[in-house]
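Here is the structure we will look at, set down as structure tokens.
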Amino acid sequence: MSSSLTCTRLTLFTVAAVAIQITGLSFFVFGFFPVKPALPGDSGSESFRAPMCYANQNESERDLPPHELQSLYQELSGIPPLYDRLILMVIDGLPAEFVLGRNGRPPTKTFMEAMPYTQSLLADGTAKGYHAKATPPTVTMPRLKAIVSGAIGGFLDVAFNFNTQALLDDNLLGQFSKIGWKMVMCGDETWLKLFPGLFMRHDGVSSFFVKDTVEVDKNVSRHLSYELSKNDWNLLILHYLGLDHVGHIGGRNSPLMAPKLMEMDEVVRMIHASAMMSPEDNKRTLLVVVSDHGMTENGNHGGSSYEETDSLLLFIGSKSHATDSASVISNDVNQVDIAATLALLFGVPIPKNSVGIMIPGMVDSLKDMQQLRALQLNSWQLLRLLQRQVPGFQCGSRPCDGFSGDNGYSSNGIMEKFCRLYLRAAALYDSWISTELSRSDSREDKSEIIAAYYEFLISANQWLSHKATDKPAKVIAFGVMSMILSCLIFSAVLYSIIQKNYFGEKRLSNGILTWHLDEGFSLSVIFILVISMGSSSMVEEEQYIWHYLISTLNMLLLRKTLQFFKKDSTCGFFTLFSGHERTSLRASSIFTLLITGRILRGWHQGGVNWTFLPDISKWLEQSGTDLQLIQLTSVLLTIILSLFSLSLLRRKTNFILVVGFNFLMSGLLVLHHIVKYRHNTSVPSSNAATSLAQIIYATLGITTVGTALVVPWVMPIQVSNACSSDHAVSRPFKIGSQSQHSELRDCLYITGWVYIGSWCLLQLLLQQPVNTAVMLLILVQIYASFLFFSQGMQQQKQWVEVAVLYYIGMAGHFALGNSNSLATIDVAGAFLGVSNYSTLFSGILMFIITYASPTLLLLSMVMYISIKNLDIAASTQSADSGHVLKMTLGLPCLVSLTVNSILLIAYTIVLILMRNHLFVWSVFSPKYLYACATTVCILIGVFIMATTVTYAHMVLALRRNMIASINETR
């Protein structure tokens, strides 16, 4: 294959492999992560009757007026509504432990004092508090769906969170609308997207401007007095976003957290005093205070840790309806239980896909028979879902569709267990109803019935919540096979290039092919990563693996350097240093990599389980260090280091001076933004700050794109055959001096320099202040790596160098505080410079922040090519364009694509094997989303690299041909 692998065939094979990989990945993702199937239609009067095979809603119900339908529901349910109106107050991101404490301990003194009125309601029993466990992903849209529908959403809802669509599944708001309820909403506009046209009055605010912690809540509270004075609504929804924004900016311990809790406490006091203590229309009002999710210590969310899933649930009724017992604050419920409980409290059918359980203690004021009736209705709902999950299953009567016990379930199977539990509870209830004994003398019987019903409900709820969604096996198989085929193509093409370049020159010992230790370890890195993927703990703490591997690899390179320190320099090498001096320079570069790597290793401690350990970032924040000073220092050093690397280019033209001046101006703009607007991240961004950020984006973008497009056209073309460095780059990088490629080399050096510098400035603007030093250290690692790779070590294989750069990029990814949990995604920076919310633009910024390090290393490959690959391309007699492009782009592109492809297919197989694992949705699935995003990052980086080199080479070749034509005509 190697003899026939031309540049054209290499390109076709690579493009085909990329297309196959994208196709296979798409099929697998949408096959393995389907949106959970929902039962069509809405619950109706059939929900108040025992489940039957193919029970459908009575068509005559659809024609009933709302008030008649409400009367029908009340008659069939046998449970009088306990309340007439509902106020649903959502405090976005509020952890339950802020109000209820944790593990039996009360909240901290600061949080207790911040919400005195709420704490008084809990103390006297007016309020009932619960820890409502949310399921991952812990982001707003899927959590709101769970609250109103009681259904477990699909994992890919995390992606739809940024582009919410109307909720078509059965839900509480739809049920309330059917019985004629009038609804009002103020707050997060997600509600308006989920329920378009349902609210008679509304005022929505965007949930994505996380810098705003004040106005976003004032826009809600300004309507409160007016709405509480009106009696034309039945449901009032208030969704406050400020507390979540406080968390994103400053974390749980932000100085703004206590004042925000006081503000929320005042809202609770106002609602309770106005609408519940002294209602003018004698309407019974229930206030439900919920949070959609919690937050981590640094204020983020999206993952499955206790801090993120611990959401609040408070039921606050009027004093006349409070129970005599004090509130039990240690009760743990599920967030999906809210929908079923509210449906039973207000006399509407439980939503059709609800897997929730009636929350204990919420119907204590009802008669005994009515309490048991509520449990019966709840059990019928879950029994219907079980019947749908297992076609033909029928409990307590003739099986449907000939279902029998051997249909995948033995006599001791899970379905038999559910049937046995349900029949026992139903029998006890029927016996209790038929008895003539006084109900006051049968408390023990009632308790036994309640216990029996809850045993069935809890078992069914757990099974329905954790049951893996049926996955289309053929779609998944096609996706996996496509990715395997793509991986094989990448590997075969890469092997062909390596074999052609090196194996012909490989050292033989007794006829056996020999390998250097660093080469073997570079390959073993892949296998170590693949093996570690099967452990959930290793997935959660993947950063330790990367830091260990890159440190070990650097030590091996240092060992190799010392072994070959006596090698002499030749004409083809940069001759400024003697052999020993070059060895010292290489050793210094490796020591720089080791030292910076160790600092990066300790900058952020732990991925998921060890975040409480001390690290440099926590020390800087807790010691009161001026983070603005770190930002300014990082920007200044980045500007100085970048301009110094540009000054090493001996070829000085006016265009190069313009490029350097534009970069300096961009750096000064970033400095100005930090000095003027980043000194207090708690203050919402002003219009001036937004405009300045947009100017910086435009300046960096124009400079980067303009340089890449223009520099091949303005670079002077010179020809020289001397083995000298007259037209080379005067820098300690080994650059081949063959003049036929000096222009291309300098073009790529300038373009790569602009890519690196502009990307670093952009990250210094977007990253959290404590992470700006990390970007500087990664930049130092890049230049140290280039310095090491340029120092004439013949025994160093280029594919090893490219792999090392790839590994440095991934280690830097975790050094910036990223992990395999969705909670570490930096949402705040994604809205810097955003005046009007755009899902696309904010999503791009979020991707840029998250993949800052891998993208930087891929962009730096353009400069790496100018340092190394042109020497390899010029070392042979062939000088045609196809050969040059193949030799310059082959390894930098294919090593990155192949390594990523191997890791992607390995983790795909791991995910399939772990599909029934306890942590499949909380650990393995988020990691796979990161793997998919990494693939996108690699593809974008390789595309930019290949396009830049190809464009520069084609333009220069065109100019040479034009010059040659002109010379021939003379």
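Reckoned from all heavy atoms, side chains included, excluding hydrogens, waters and symmetry mates. Position 1 is the first residue of the sequence; numbering continues from there.
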Donor + acceptor pair across side chains of Q175, D170 (<3.5 Å)
yes

Is it true that R269 and E266 have a side-chain N and a carboxylate O under 4.0 angstrom from each other?
yes

Relative to the ring of H131, is the ring of Y306 parallel (under 30°), tilted (30 to 60°) or perpendicular (over 60°)?
tilted

Taking only residues two or more places apart in sequence or in another chain, which ones pass ring pair (Phe, Tyr, Trp, His ring centres under 6.0 Å) with H301?
H248, H293

On a heavy-atom basis, which atom in L100 and which in G129 lie closest, and how many Å separate them?
CD1-C, 3.7 Å

From CA spacing to verdict: side-chain hydrogen bond (donor to acceptor under 3.5 Å, both in side chains), K446, Q371
CA-CA 10 Å; K446 174 193 169 186; Q371 294 181 36; 3.2 Å; yes

Between K260 and D217, does a salt bridge (Lys or Arg N to Asp or Glu O under 4.0 Å) hold up when you go through it step by step?
CA-CA 10 Å; K260 180 58 64 174; D217 286 344; 2.8 Å; yes

Sort and list the pairs that fulfil salt bridge (Lys or Arg N to Asp or Glu O under 4.0 Å) and have at least one residue in residues 285-308, not counting sequence neighbours.
R102-E307

Less than 6.0 Å separating the ring centroids of W191 and F199?
no

What's the spacing between M362 CE and F315 CZ if we round to 0.5 Å?
4.5 Å

For I271, is there any backbone N or O sitting under 3.5 Å from a side-chain donor or acceptor partner on S274?
no

Does the plane of the ring in W181 sit parallel, tilted or perpendicular to the ring in F346? Use 30° and 60° as the thresholds.
perpendicular

Let me see the working for R373 and Q370 under side-chain hydrogen bond (donor to acceptor under 3.5 Å, both in side chains), right down to the final yes or no.
CA-CA 5 Å; R373 172 63 171 169; Q370 294 167 344; over 6 Å; no

Per the side-chain hydrogen bond (donor to acceptor under 3.5 Å, both in side chains) rule, which among T309, D92, T190, T135 passes with R143?
T135

Considering all heavy atoms, the nearest L122-K128 contact:
CD2-C, 4.3 Å

Give the C-alpha distance, both sets of side-chain angles, the deciding distance and a yes or no for side chain to side chain contact (heavy atoms under 4.5 Å, CB included) between R252 and M295.
CA-CA 7 Å; R252 284 189 171 211; M295 65 174 67; 3.8 Å; yes

List the residues meeting ring pair (Phe, Tyr, Trp, His ring centres under 6.0 Å) with F456, not counting sequence neighbours, and say none if there are none.
Y422

Partner set under ring pair (Phe, Tyr, Trp, His ring centres under 6.0 Å) for W233, not counting sequence neighbours
none

Roughly how far, to the nearest 0.5 Å, is the OG1 atom of T138 from the CD atom of Q335?
10.0 Å

Taking all non-hydrogen atoms of both residues, which atom of P349 and which atom of Y73 are closest, and how far apart?
CD-CE1, 3.5 Å

Say whether, by atom type as modelled, one donor and one acceptor occur between the side chain of N253 and the main chain of G251 under 3.5 angstrom.
no

Donor-acceptor under 3.5 Å (N378 side chain, M358 main chain):
yes

The single option from K182, R201, R85 passing salt bridge (Lys or Arg N to Asp or Glu O under 4.0 Å) against D232:
R201

Could you tell me the separation between the CG atom of L314 and the OG1 atom of T126, rounded to the nearest 0.5 Å?
12.0 Å

Test salt bridge (Lys or Arg N to Asp or Glu O under 4.0 Å) applied to R222 - qualifying residues, sequence neighbours left out
D203

What is the distance from atom OG of S120 to atom CE of M115, rounded to the nearest 0.5 Å?
10.5 Å

Please check this pair: side chain of S291 against backbone of S311, looking for a donor-acceptor N/O pair closer than 3.5 Å.
no

Value for CG (L457) from CG (D337), rounded to nearest 0.5 Å, stands at 9.5 Å

Applying ring pair (Phe, Tyr, Trp, His ring centres under 6.0 Å) to F98 and not counting sequence neighbours gives F111

What heavy-atom pair brings S354 and A340 nearest, and what distance separates the two atoms?
OG-CB, 4.0 Å

Which atom of V267 lies closest to which atom of M89, heavy atoms considered:
CG1-CE, 3.6 Å

Before giving the answer on side-chain hydrogen bond (donor to acceptor under 3.5 Å, both in side chains), spell out for D826 and Q768 the whole-Å C-alpha distance, their side-chain angles and the decisive distance to 0.1 Å.
CA-CA 8 Å; D826 183 8; Q768 293 293 330; 3.1 Å; yes

If you round to the nearest 0.5 Å, how far is CD1 of I91 from CG of L241?
11.5 Å

Return the minimal non-hydrogen interatomic distance between Q381 and P351, and the atom names on each side.
NE2-O, 3.2 Å

Determine whether a donor-acceptor pair (N or O, by modelled atom type, separation under 3.5 Å) exists between the side chain of N331 and the backbone of Y130.
no

Scan V148, L86, L198, N234 and name whichever one has a side chain to side chain contact (heavy atoms under 4.5 Å, CB included) with F176.
L86

